[in-house]
Amino acid sequence: MCGIVGFTGARSAAPVLLDGLKKLEYRGYDSAGIAVMDGNEISVSKVSGRIAGLCEKTKDGAAVPGTTGIGHTRWATHGAPTEENAHPHLSNDGRFAIVHNGIIENYAALREELIRDGYHFQSETDTEVIVHLVEMYYAGSVRDALIKTVNRLRGSYALGVICSEEPGKIYAVREASPLIIGVGVGENYFASDVTALVNYTRSVIYLEDGEFAELSEGSIRIFDCTGQEQSKKVSRILWDVQAAEKGGYEHFMLKEIMEQPAAVKATIAPRVSGGKVDFEELAAMSDEELRAVRKIVVTACGSAYYAGCAGRYAFERLCGLPVQLELASELRYSDPLIDDTTLVIVISQSGETADTIAALKEAKARGAKTLAVVNVVGSTVAKLADYTVYTWAGPEIAVATTKGYTTQTATLNMLAIYFAARLGRIEDQSKYVAAMQALPRRIQQAIDLNPSIPALAKKYHDNRALFFIGRNTDYAVALEGALKMKEISYIHAESYAAGELKHGTIALIEEHTPVIALCCNPSVTEKTISNIVEVKSRGAEVLALTFRTNRQMLSVADDLLFIPEVDALFSAVIEIVPLQLLAYYVAKENGCDIDKPKNLAKSVTVE
Ligand code: AGP
């Protein structure tokens, strides 16, 4: 939620800040602003709405001179998305400007205190207390003022600060919100994530919680929260520039759907060879440690949680271990039955989801072994977990995850095979490995088999509600299919275990109610077909997702989507693809802002 960016160098700062903000816009897009310092003068430009409006207002940055600055794109938490509430916020004396991603939990008490001390507030944001505290504590050193300020803050924050007394310098602070430093030649940067920086540099420093960065055009100094200077490693960004561009597609979401064969291949290939699955990252996990595991708890949010729902079946079947699924936002407050015999698998594309981080910390505090399945290298989840396995999906920009989900499910499938082999439950892995290696090809087939999706979208887009039904592995995919439809097309979509329909929901089925029936698990095909017949006899219009060879379905369903045949244990990776495309084309038909759906942000770094 919210993206921040900072630049210091010899060239004009505003165009670099605006370019960075465009890349970060997926993190929040209800208002935006920049503060640029020209000599000792700070000028602030803000808009309610998108970055495009800010570009227009500042003439693409040309109207804002200065070589040092900070920028922000907002997902509102405290206060409406107005220009007043947009960042940067200025101190009363005009000497400091600040941008913030995160939430200050004790802002109300601080605000009261500052008002008592005579500070005036221009906005309703929690952020504004920070800039007034900095002003209050400033006695000639911005660094000291920041140390004193953050000692007063409770919550999460990635901050960017400039001070008119220190031209050419930008400050950045990190606590429980993502922040990286970009190392340039004669210029330096900070940003919420690497997508804002890849146009400028491949060298980055990952800040830890509690660290400060003091940047000028020729120097980077990092301090801990006591002011002690730290020496930090510079890492290389491996993502290429094009990966964060649309590359000719109308939307990032469509591009990312089409990238899935490559993303899944990149995730699988390094882990399979010689007929075996191997995770180098897990070499340090001893057999003893693994044998001590009595149950697996999978925790995550949103689609990552649904990837866990789909991955569960392979763990249970192949490893013979019970799998408990917990939404991270629930687990953190549920006094969970987790101990040192539990393996907690945490799934997150961004690695920065606040609830997921909290659930991971809770699991660790209870003595569980923790394993993270994460896409973003160096993210908080990746750093906190005992073991981290990366999905190599590359940057995912569209708010609705697609390749994030498929690489997660593929990774979970591989982990199930890997653990089962290490536990001695499968001797010969070759048939599973072959199934894994075929996944990228099968995804491409699932795309190619369904040229009718845009036409089906025209038929199904004009509905207030859609139902997704399925059993077993199909049900797990239905959960994600319905979420995709909801979040980008704004159509109310509900997923039901098909057998549950007659326990209540079937009351909602009437003439022409659209029901999307997933039927790709042969062990329950007959049962799902019975449920299709039940809804059809109450007037439903059924769009079935199945194999081409499922002749029976041809006569039962009104419309069909196909996937190539694949073992049900691993089918989620394939089955979701036509549903992603359907959601995409329905949203397009409805004129929705597909990459930036309303009220959402890509990375949910607040609770
Ligand atoms: C998916 O399309 C979502 N926008 C959302 O549910 C997402 O999967 C969830 O917020 C978890 O994010 P993470 O994977 O970055 O932790």
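Because the structure is predicted, anything quoted here is derived from the model rather than measured. Just so you know, these numbers use all the heavy atoms, side chains as well, and skip hydrogens, waters and symmetry mates. For ligands, and for the atoms within them, numbers begin at 1 and follow the listed sequence.
- The closest protein non-hydrogen atom to atom 11 (C) of ligand 1 is Cys301 O, 3.3 Å.
- In terms of protein heavy atoms, atom 10 (O) of ligand 1 is closest to Val604 CG2, 4.0 Å.
- Considering backbone and side-chain atoms alike, Val399 places an N or O below 3.5 Å from some N or O of ligand 1.
- Panel note: side chain His87, backbone Arg74; no donor-acceptor pair is recorded below 3.5 Å.
- Both tests pass for Lys598 against the ring of Tyr490: distance under 6.0 Å to the centre and angle within 45° of the axis.
- Using a 4.0 Å cut-off to heavy atoms of Ala400, the atoms of ligand 1 that qualify are 2 (O).
- In summary, the atoms of ligand 1 found under 4.0 Å from a heavy atom of Ala304, numbered by their order in the structure, are 8 (O), 14 (O).
- Taking 4.0 Å as the cut-off between side-chain N and carboxylate O, Asp278 and Arg271 do not count as a salt-bridged pair.
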Q: Kindly indicate, with the supporting measurements, whether the criterion salt bridge (charged side-chain N to carboxylate O under 4.0 Å, His left out) is fulfilled by Asp193 and Arg27.
A: CA-CA 10 Å; Asp193 72 43; Arg27 300 178 65 87; 3.4 Å; yes

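- Atom CG of Leu412 and atom OG1 of Thr391 lie 10.0 Å apart (nearest 0.5 Å).
- A donor and an acceptor atom, one from each side chain of Glu330 and Ser334, are nowhere located under 3.5 Å apart.
- Residue-level proximity to ligand 1 for Lys484 is carried by the side chain, the only part with a heavy atom below 4.0 angstrom.
- By the side chain to side chain donor-acceptor pair (under 3.5 Å) test, Asn463 is found to be paired with no residue, residues two or more places apart in sequence or in another chain being considered.
- Closest protein heavy atom to atom 16 (O) of ligand 1: Thr353 OG1, 2.4 Å.
- Every atom of ligand 1 with a heavy atom of Ser350 under 4.0 Å away is listed here by number and element: 13 (P), 15 (O), 16 (O).
- Ranking the protein heavy atoms by distance from atom 8 (O) of ligand 1 puts Ser303 N, 3.1 Å first.
- Distances between N or O atoms of Gln349 and those of ligand 1 include at least one value under 3.5 Å.
- By heavy-atom distance, the residue among Glu487, Gln580, Gln408 lying nearest atom 4 (N) of ligand 1 is Glu487.
- For ligand 1, the atoms closer than 4.0 angstrom to any heavy atom of Gly302 are 6 (O).
- One finds no salt bridge joining Lys596 and Asp30 here, because no Lys/Arg side-chain nitrogen approaches an Asp/Glu carboxylate oxygen to under 4.0 Å.
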